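Along the sequence shown, residues carry numbers from 1. If you're wondering where the values come from, they're calculated on a predicted model, not measured in any experiment. Both counts, for ligands and for their atoms, begin at 1 and track the order of listing.
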Amino acid sequence: MKKKYLIVGAGFAGAVLAERLARKGNSMITIIDEREHLGGNSYTETDEETGVTVHKYGPHIFNTNNKAVWDYVCSFCEMMYYRNRVKIVYKGNVYSMPINLHTINQFFGKALNPKEARLFIDGLADKTITNPANFEEQALSFIGEDLYRAFFYGYTKKQWGCEPTELAASILKRLPVRFNYDDNYYGSIYQGIPRDGFTAIFEKMLDHPAIEVRLNERFDAGYDTKEYDHIFYTGAIDAFFNYKYGRLGYRTVYFERGVDEGDYQGNPVINYADEAIPYTRVHEHKHFTPWENFDKTVYFKEYSKETTPDDIPYYPKRLAEDMGKLEKYQQKVAKLSNYTFLGRLATYQYMNMDHVIEEALKLSERF
Ligand code: FAD
Ligand code: UDP
């Protein structure tokens, strides 16, 4: 008898798991998603007005150090060479981001070489902070007051809606500081963007006779699960328990769309550091596919705000109060024998696509 599995959510977590389980040949899989499309937040679609492939939930660039994950994803698409080079505007000047030798030299009006820059920044770093307890302390101990105030303070306040002293130091650690002219946003070995967009990957993954896909279908407490041997849940952990212990904190983002002729900003992503500018960044999606040509262009101003019950949860805040609630939810999950929780919402973690894929690949080996 083949096992019957239900997978809730058709983002990378759910789709990879479905694909792996189906290819083992010993199960029948139903994968549902409350959205009308596959792909979760990695979904891409063709913009009708311009023809450009847009990342509906914000720009997604695939990057990883894990060769197995890279090879796996590349087996479903033609992955194109792509390096994300981000600019940042501060007080009317344009700089390179993440902070690199060009940013340092431009910001301080110098022409330092790598060794000189290292010494110079070391001199600015706050040496009194030996064990950084939060985002701000992490930044000050590393790059000092001036660079922190210019490139991180305002942006981070807009992005997270709180003082950087309230945020975990780990959020800043996602960004490197480089003492050379390397302006590649990510440090990963493997990076790219799929030629036909991310959605095509999901269509290929789930195209299997053992997989039934049901879109526009929501899982909740009343969902009939009798026929399934096991349920894999990739939705929000607090929603699963009907917010019994309260809602976990998330920031959400929303976009203001604009269309122009030709090239709007000359780069895929430009960040805006000044607190007075209400959006955090502007992304112009045709620059994510430099191998294509379009007459028109579509761009999005990205704003960040607190998540209300009607919004899509994006960035887990993981403040102390959230972590207390999370622990209670996790204790309840541990008591469920025929459920597995995976993916960024079910684990309440900031996970990149490669992390989610790695987790799902590992999990599939146990079933
Ligand atoms: P999701 O993609 O969120 O999928 C979960 C799915 O479950 C959704 O489709 C949802 O509709 C469905 N669902 C939830 N609850 C229910 C329910 N009750 N019933 C039915 N369906 C349900 N990662 C990178 O590697 N590179 C990037 O450049 C990058 N950029 C990002 C930019 C932004 C703005 C954001 C927010 C994230 C970015 N990420 C990036 C992270 C990436 O989006 C995630 O790693 C990935 O989407 C996680 O996949 P997932 O399947 O866990 O979750
Ligand atoms: N950040 C910043 N200025 C920037 C870019 C990032 O202050 O120009 C901060 C911000 O708090 C962000 C964090 O650094 O949340 C990590 O950056 P990353 O690009 O990883 O953010 P993401 O948007 O992916 O969460």
Side-chain angles (χ1 to χ4, degrees), residues 6-17 31-43 55-64 69 73 82 84 86-90 95-99 103 135-136 138-139 148 150-160 162 164 167-168 170-176 185-186 188 191 193 198 202 214-221 223 233-237 239-240 250-253 255 269-273 280-281 283 288 300 302 304 312-316 341-347 349-357 359-360:
L6 174 68
I7 299 179
V8 179
F12 265 116
V16 168
L17 189 65
I31 180 164
I32 65 166
D33 202 298
E34 62 183 338
R35 296 184 190 174
E36 59 183 12
H37 59 71
L38 302 174
N41 282 357
S42 310
Y43 172 75
H55 302 213
K56 185 173 176 179
Y57 302 94
H60 278 67
I61 294 113
F62 198 84
N63 66 100
T64 187
V69 167
V73 168
Y82 180 83
N84 204 27
V86 174
K87 304 292 173 211
I88 184 162
V89 174
Y90 173 64
Y95 301 90
S96 179
M97 193 73 186
I99 292 176
T103 325
F135 185 104
E136 180 162 302
Q138 176 72 29
Y148 166 64
F151 298 120
F152 292 105
Y153 181 76
Y155 186 99
T156 297
K157 259 186 100 171
K158 288 190 287 185
Q159 166 89 353
W160 293 96
C162 62
L167 295 168
S170 58
I171 295 177
L172 183 73
K173 286 185 199 152
R174 290 213 288 265
L175 287 184
Y185 200 73
Y186 301 107
S188 313
Q191 305 181 30
I193 288 198
F198 283 98
F202 291 88
R214 292 198 219 138
L215 297 175
N216 299 306
E217 189 159 315
R218 182 175 165 70
F219 179 92
D220 56 24
Y223 197 91
Y233 179 80
T234 75
I237 186 170
F240 184 91
Y250 275 100
R251 290 292 281 180
T252 193
V253 291
F255 308 112
V269 182
I270 299 188
N271 290 357
Y272 286 83
T280 50
R281 55 182 185 165
H283 15 104
F288 292 121
F300 298 88
E302 181 173 321
S304 177
I312 298 173
Y314 270 90
Y315 293 101
F341 282 47
L342 72 153
R344 64 178 194 105
L345 293 167
T347 60
Q349 286 182 81
Y350 187 99
M351 292 169 91
N352 279 334
M353 294 182 280
D354 62 322
H355 299 135
V356 167
I357 293 168
E359 184 196 33

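For the atom pair CZ of Phe300 and NE2 of His55, the computed distance is 10.0 Å after rounding to the nearest 0.5 Å. Ser96 OG to Lys87 NZ: the interatomic distance, rounded to the nearest 0.5 Å, is 4.5 Å. Remark: Ile237 CD1 to Thr347 OG1 distance equals 8.0 Å, nearest 0.5 Å. Going from atom OG1 of Thr103 over to atom CD1 of Ile99 covers 6.5 Å, rounded to the nearest 0.5 Å.
The closest approach between a heavy atom of Tyr186 and any atom of ligand 1 is below 4.0 Å. The shell of residues lying under 4.0 angstrom from ligand 1, judged by heavy atoms, includes Glu217. By the 4.0 Å heavy-atom criterion, Tyr315 is counted among the residues contacting ligand 1.
Between Arg344 and Val356 the shortest heavy-atom distance is N-CG2, 4.4 Å. Nearest heavy atoms, Pro59 versus Glu302: CD-OE1, 4.4 Å.
Gly9 CA, 3.2 Å is the protein heavy atom nearest to atom 7 (O) of ligand 1. In terms of protein heavy atoms, atom 41 (C) of ligand 1 is closest to Met351 O, 3.6 Å. Taking atom 6 (C) of ligand 2 as the reference point, the nearest protein heavy-atom neighbour is Leu175 CD1, 3.5 Å. For atom 53 (O) of ligand 1, the nearest non-hydrogen atom of the protein is Arg344 NE, 3.7 Å. Atom 21 (O) of ligand 2 has its closest protein heavy atom at Arg174 NH2, 3.7 Å. Protein heavy atom at the shortest distance from atom 47 (O) of ligand 1 is Ser42 OG, 3.6 Å. Shortest contact from atom 23 (O) of ligand 2 to any protein heavy atom: Tyr315 OH, 3.3 Å. In terms of protein heavy-atom proximity, atom 1 (N) of ligand 2 is closest to Tyr155 CD2, 3.5 Å. Scanning all protein heavy atoms for the shortest distance to atom 18 (N) of ligand 1 gives Phe219 O, 3.0 Å. Of the protein's non-hydrogen atoms, Ala13 N, 3.0 Å is the one closest to atom 51 (O) of ligand 1. Nearest to atom 19 (O) of ligand 2 among the protein's heavy atoms is Tyr185 OH, 2.5 Å. The protein heavy atom nearest to atom 25 (O) of ligand 1 is Met353 N, 2.8 Å. What sits closest to atom 24 (O) of ligand 2 on the protein, heavy atoms only, is Tyr350 OH, 3.0 Å. For atom 36 (C) of ligand 1, the closest non-hydrogen atom of the protein is Tyr314 CD2, 2.7 Å. The nearest heavy-atom contact from the protein to atom 8 (O) of ligand 2 is Asn271 ND2, 2.9 Å.
Between Phe219 and Tyr223, the ring planes are tilted. Angles from 30° to 60° get that label. Tyr57 and Tyr314 have tilted rings, their planes meeting at an angle from 30° to 60° on a 0 to 90° scale. Ring planes of Phe202 and Phe12: tilted class, angle from 30 to 60°.
Residues Ser304 and Lys158 form no side-chain contact, since every pair of their non-hydrogen atoms from C-beta on lies 4.5 Å or further apart. Using a 4.5 Å heavy-atom threshold, the side chains of Met97 and Leu175 count as touching.
Of all the heavy atoms of Val8, the ones lying under 4.0 Å from any atom of ligand 1 belong exclusively to the side chain. The proximity of Asn41 to ligand 1, defined as any non-hydrogen pair under 4.0 Å, involves the side chain as well as the backbone. Counting heavy atoms closer than 4.0 Å to ligand 1, residue Ala239 contributes nothing at all.
Atom numbering of ligand 2 starts at 1 in the shown order; those under 4.0 Å from a heavy atom of Ile171 are 13 (C), 15 (O), 16 (C). The contact set between ligand 2 and Trp160, taken as ligand atoms under 4.0 Å from a residue heavy atom, comprises 11 (O), 15 (O). Annotation for ligand 2: atoms under 4.0 Å from non-hydrogen atoms of Thr156 are 2 (C), 7 (O), 9 (C), 10 (C), 11 (O). Close contacts between ligand 1 and Val356 involve ligand atoms 45 (O), 48 (C), 49 (O), 52 (O) [criterion: under 4.0 Å to a heavy atom]. Below 4.0 Å from some heavy atom of Gly40 lie the following atoms of ligand 1, by number and element: 2 (O), 4 (O), 8 (C), 9 (O). Interface atoms of ligand 1 facing Gly343, defined by a heavy-atom separation under 4.0 Å, are 52 (O). For ligand 2 and Ile88, the ligand atoms under 4.0 Å from any heavy atom of the residue are 8 (O). Near Gly235, the atoms of ligand 1 lying under 4.0 angstrom from a non-hydrogen atom of the residue are 14 (C), 15 (N).
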For this session: Carefully, step by step, assess Leu342 and Leu17 under the rule side chain to side chain contact (heavy atoms under 4.5 Å, CB included).
Result: CA-CA 10 Å; Leu342 72 153; Leu17 189 65; 4.2 Å; yes
Problem set entry | Check against side chain to side chain donor-acceptor pair (under 3.5 Å), Tyr153 and Glu136 | CA-CA 8 Å; Tyr153 181 76; Glu136 180 162 302; over 6 Å; no
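Residue-to-ligand polar distances place Glu34 within reach of ligand 1: an N/O pair is separated by less than 3.5 Å. Residue Pro59 places at least one N or O, backbone or side chain, under 3.5 Å from an N or O of ligand 1. Checked by distance only, ligand 1 and Phe62 stay at 3.5 Å or farther apart across all their nitrogen or oxygen atoms. Close N/O approach between His60 and ligand 1 is found [any backbone or side-chain N/O within under 3.5 Å]. Remark: ligand 1 and Tyr57 share no N or O pair separated by less than 3.5 Å (distance only, no angle test). At least one N or O atom of Ile61 sits closer than 3.5 Å to an N or O atom of ligand 1. Considering backbone and side-chain atoms alike, Phe151 places an N or O below 3.5 Å from some N or O of ligand 2. Ligand 1 has no N or O atom lying under 3.5 Å from any N or O atom of Gly58, backbone or side chain. Considering backbone and side-chain N/O of Ala236, none are found under 3.5 Å from N/O of ligand 1. Not one N or O of Leu345 is nearer than 3.5 Å to an N or O of ligand 1, by distance alone.
Judged purely by atom type and a 3.5 angstrom limit, Thr234 has no side-chain atom pairing as donor or acceptor with the backbone of Gly14. Of the possible donor and acceptor atoms, one in the side chain of Arg35 sits under 3.5 Å from a partner among the backbone N and O of Gly40. A donor-acceptor pair under 3.5 Å links the side-chain atoms of Asp33 to the main chain of Ala10, judged by distance alone.
Looking at Tyr43 and Asn41, their side chains never bring a donor and an acceptor atom within 3.5 Å of each other.
Residues His283 and Phe288 keep their aromatic ring centres 6.0 Å or farther apart.
A cation-pi arrangement is found for Arg174 relative to Tyr350, the charged atom lying closer than 6.0 Å to the ring centre and inside a 45° cone about the ring normal. Remark: Arg218 fails to qualify as a cation-pi partner of Phe240 under the 6.0 Å distance and 45° angle criteria applied to the six-membered ring.
The closest heavy-atom contact to atom 10 (C) of ligand 1, among the options Val16, Asn352, Asp33, comes from Asp33.
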